[in-house]
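A, B, ... follow the sequence lines: proteins, then strands. Residue 1 opens every chain.
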2 protein chains.
Amino acid sequence: MLELKDIPLFSKLSPTQLDELQGQMHIHHYEKDSIVFYEGDESEYLHILLDGRVRLYKTAPKGTQVHMHNFAAPEIIALFAAFEQIPFPATCEFLGEGTVGLLPLSKIYDCMKNVDFSISLVSALSKRMKLLANLLHKETIYSTEAKIADLVLNNSAVFERLKNNEIASILNMTPETLSRILTKMKKEKIIIIKKHIVMILNENALRKIIETNCMGN
Amino acid sequence: MLELKDIPLFSKLSPTQLDELQGQMHIHHYEKDSIVFYEGDESEYLHILLDGRVRLYKTAPKGTQVHMHNFAAPEIIALFAAFEQIPFPATCEFLGEGTVGLLPLSKIYDCMKNVDFSISLVSALSKRMKLLANLLHKETIYSTEAKIADLVLNNSAVFERLKNNEIASILNMTPETLSRILTKMKKEKIIIIKKHIVMILNENALRKIIETNCMGN
DNA sequence: GGGAATATCTTTGAGTTCCAGCATTCACAT
DNA sequence: ATGTGAATGCTGGAACTCAAAGATATTCCC
């Protein structure tokens with residue numbers, strides 16, 4: 001299993017600081033599908049994903065889930081929520097089994113006296129912000145068609161790994177909508193799907209869909 | 001007009017560092033409604049709002065604007081976009097007239113060797129992230145009714161300052177929708193509006209709208 | 001291992017909902 | 001008197017829901 005020194009954020013700390021931190025860290029093991037924290041929970045600890053993969057999502061009033069991110073170890077979870085001392089904006093659920101390390105926030109504040117640590121922190125926060133800004137863009141600007149075009153263009157490999165209904169939930173749409181649009185794209189000869197492998201026939205059409213938010217006609 | 005030392009992010013720097021930075025800063029004056037940068041632009045400079053108020057918004061393919069934030073001086077604009085060296089995720093437009101200081105990014109990197117500066121930076125980034133997370137929540141989870149309930153509950157004073165169509169654009173909905181929902185709330189005796197002043201008659205109903213995303217019936 | 005039985009996905013159709021768009025009328029303030 | 005903002009009815013589009021059928025996987029049993 002991973003240790004603190006394997007995590008980029010902490011890699012710049014001295015061995016003594018690392019030992020001290022490692023000693024303060026509580027390790028929790030989680031089974032598949034278990035919840036690390038719920039949206040709205042508060043915590044005095046920084047959650048560090050040491051092993052496994054988690055999914056972060058919001059829950060809408062009617063119970064539908066709005067997918068935000070998947071994270072794989074090693075990763076800091078809910079970084080800014082910890083710093084702002086606000087309730088978690090999303091629920092964190094394990095996809096398989098895995099482990100989380102809990103580090104008291106007060107210890108982190110101590111580390112910030114170390115310049116290199118602070119700089120890593122700035123970089124980590126700013127990366128996370130990029131993720132969030134990206135998500136916001138997709139959810140507020142993109143139509144369902146544009147979301148799918150974007151996925152096909154930038155990450156067509158997921159169609160090999162995941163079932164369509166899993167992809168739909170990551171894109172925050174229903175499997176029906178995904179299916180309808182994929183068949184439409186196939187009909188328009190923009191893509192071909194064979195044995196779960198997506199081949200792009202007309203890349204420009206995909207870019208145009210992203211730009212205009214809709215397909216030709 | 002404000003100087004660098006008046007800006008929280010820079011307040012911890014030494015007078016000599018401040019002088020050096022101030023010397024490197026280009027000052028730009030902008031008229032009302034002028035654009036500081038467009039969504040998609042790139043820049044080697046950190047934009048610092050020294051005077052006036054700006055509005056940040058995304059533009060959807062059909063030309064509709066998605067309002068993100070209003071900022072008043074002093075404030076750093078597009079903080080994380082600068083750090084991640086990515087195109088601006090939104091357009092920045094002045095609401096009145098004002099001034100912006102441009103600071104070369106390379107100079108900022110130098111400052112990060114100063115621990116106090118780095119810590120301020122972490123705090124600034126994390127605050128901005130909170131704003132963004134909030135916006136994401138409103139845009140992905142809230143219905144139009146919930147957005148309005150939230151505004152009435154947490155910032156009913158805006159109804160005195162702004163016209164309804166301005167409020168609608170901040171909430172990313174049409175004035176018609178805002179009008180319809182406000183009259184519905186008045187009919188249900190949840191609020192009363194007199195002379196642009198909103199009075200809350202039934203706070204619990206508002207909370208329930210936010211929780212359930214819809215009004216009683 | 002082959003093939004039936006079963007479960008799980010995917011596709012397709014029809015209907016619904018939410019909210020934007022347009023047009024008109026109404027209200028109010030210059 | 002005139003222009004701007006607000007209210008309201010109607011229409012339309014995007015994406016969701018529900019339901020049912022079709023296609024794939026998976027399991028089980030001989």
Regarding the side chain of B/Thr144, the nearest nucleotide among C/dC19, D/dA7, D/dC16 is C/dC19
Categorize A/His196 for me: base, sugar-phosphate, or nothing, with a 4.0 angstrom heavy-atom threshold over every strand shown. sugar-phosphate
Closest-nucleotide 5' rank along DNA chain D - winner of A/Lys195 and A/Arg180: A/Arg180
Would you kindly give the NZ-to-P distance between B/Lys184 and D/dA7, to the nearest whole Å? 16 Å
Please classify the nucleic acid contact of A/Asn172 as base, sugar-phosphate, or nothing, using heavy-atom distances under 4.0 Å. sugar-phosphate
Within the structure, does a side-chain N or O atom of A/Thr177 lie under 4.0 Å from either OP1 or OP2 of D/dC16? yes
Most 5' of B/Glu176 and A/Glu176 on DNA chain C, judged by nearest nucleotide: A/Glu176
Between D/dA7, C/dA20, D/dG5, which nucleotide has the shortest distance from any of its atoms to the side chain of B/Lys186? D/dA7
Ring center gap for B/Phe88 and B/His47 short of 6.0 angstrom: yes
Starting from C1' on C/dT17, measure out to CG on B/Asn213 and report it in whole angstrom. 13 Å
Measure NZ/B/Lys163 against P/D/dA7 and give the value in whole Å, please. 14 Å
Working for side-chain contact (heavy atoms from CB on, under 4.5 Å), residues A/Phe80 and A/Ile86: CA-CA 9 Å; A/Phe80 91 97; A/Ile86 55 171; 3.7 Å; yes
A/Glu166 CD to D/dA25 P: how many Å, rounded? 14 Å
Could you please name the option among C/dG21, D/dG5, D/dA7 that lies closest to any side-chain atom of B/Asn165? D/dG5
Selected nucleotide, minimal atom distance to A/Ser143 side chain, candidates D/dA7, D/dA15, C/dC22: D/dA15
The side chain of A/Ser179 is closest to which nucleotide in this list: C/dT11, D/dA7, D/dT17? C/dT11
Using whole Å, what does the distance between atom C1' of nucleotide C/dT12 and atom CG of A/Asn164 come to? 15 Å
Can you tell me how far C1' of C/dT11 sits from CE of A/Met173, to the nearest Å? 16 Å
Answer with yes or no after comparing the ring centroid distance for A/His28 and A/Tyr45 against a 6.0 Å cut-off, counting only values under it. no
Taking only side-chain N and O atoms of A/Thr174, does any of them lie within less than 4.0 angstrom of OP1 or OP2 on D/dA15? no
For atom CG of A/Leu178 and atom P of C/dT11, their distance in whole Å: 8 Å
With a 3.5 Å cut-off and no angle check, do the side chains of A/Lys187 and A/Thr183 form a donor-acceptor pair? no
Whole angstroms only, please: what is the NZ-P distance between A/Lys62 and D/dA15? 16 Å
Where the side chain of B/Thr183 is concerned, which of D/dA7, D/dA19, C/dA20 is the nearest nucleotide? D/dA7
Does the side chain of A/Val100 come within less than 4.5 Å of A/Phe37's, by heavy atoms? no
